[in-house]
Amino acid sequence: MGASGSKARGLWPFTSATGGGGSEAAGAEQALVRPRGRAVPPFVFTRRGSMFYDEDGDLAHEFYEETIVTKNGQKRAKLRRVHTNLIPQGIVKLDPPRIHVDFPVILYEM
């Protein structure tokens, strides 16, 4: 779950490429930062949806279908999870925007 952050890909987008500090700190920082011409905003405006559409156009996290099982002459209804013919939801717009998980900020409340 935590691998979606930028540190998992080996870069830290919220630090400046110039960096203030000693030569050791600058060398370590340059190894993690990819040089860019623009500043990266600390907000996330979209995310990948975690739900799916089924054949009928219904949207849910999981889909089940009812099956009738006959055991010892008795009919019993069981739910079977559906894994086929599901379409991912895709990109979802966040309202309001969230702070990026790798943004170095401390949230403080009194």
Item to complete: Measure the CG-NE2 distance between Leu59 and His61 for me, rounded to the nearest 0.5 Å.
Response: 8.0 Å
Item to complete: Output yes when a side-chain donor or acceptor of Thr67 lies under 3.5 Å from a complementary backbone atom of Lys78, and no otherwise.
Response: yes
Discussion item. Hydrophobic clustering (ILVMFWY, side-chain heavy atoms < 4.5 Å, transitive) - are Met51 and Ile87 grouped together?
Written reply: yes
Discussion item. Within the supplied structure, the quantity of interest is the number of heavy atoms (other residues, nucleotides, ligands) at a distance under 6.0 Å from Arg81 CZ; does it exceed 12?
Written reply: yes
Worksheet item: Just how far is it from atom CD of Glu55 to atom CG of Leu86, taken to the nearest 0.5 Å?
Response: 8.0 Å
Discussion item. Any donor-acceptor pair under 3.5 Å linking the side-chain atoms of Tyr64 with those of Glu66?
Written reply: no
Discussion item. Within this structure, what is the CZ-NE2 distance for the pair Phe52 and His83, rounded to the nearest 0.5 Å?
Written reply: 10.5 Å
Worksheet entry | Separation of Asp95 CG from Phe45 CZ (nearest 0.5 Å) | 11.0 Å
Fill in: Within 6.0 angstrom of Asp56 CG, more than 12 heavy atoms from elsewhere
yes
Discussion item. Measuring from atom CD of Glu65 to atom CG of Asp54, what distance do you get when rounded to the nearest 0.5 angstrom?
Written reply: 11.0 Å
Item to complete: Count the heavy atoms belonging to other residues, nucleotides or ligands that lie under 6.0 Å from CD of Glu62, then report whether that count exceeds 12.
Response: yes
Worksheet item: What do the steps show when you test Phe43 against Ile99 for side chain to side chain contact (heavy atoms under 4.5 Å, CB included), and what is the final call?
Response: CA-CA 5 Å; Phe43 300 108; Ile99 295 177; 4.3 Å; yes
Fill in: Same apolar cluster (I L V M F W Y, side chains within < 4.5 Å links), Val92/Val44
no
Worksheet item: Does Pro96 offer a backbone N or O that forms a donor-acceptor pair with the side chain of Arg98 under 3.5 Å?
Response: yes
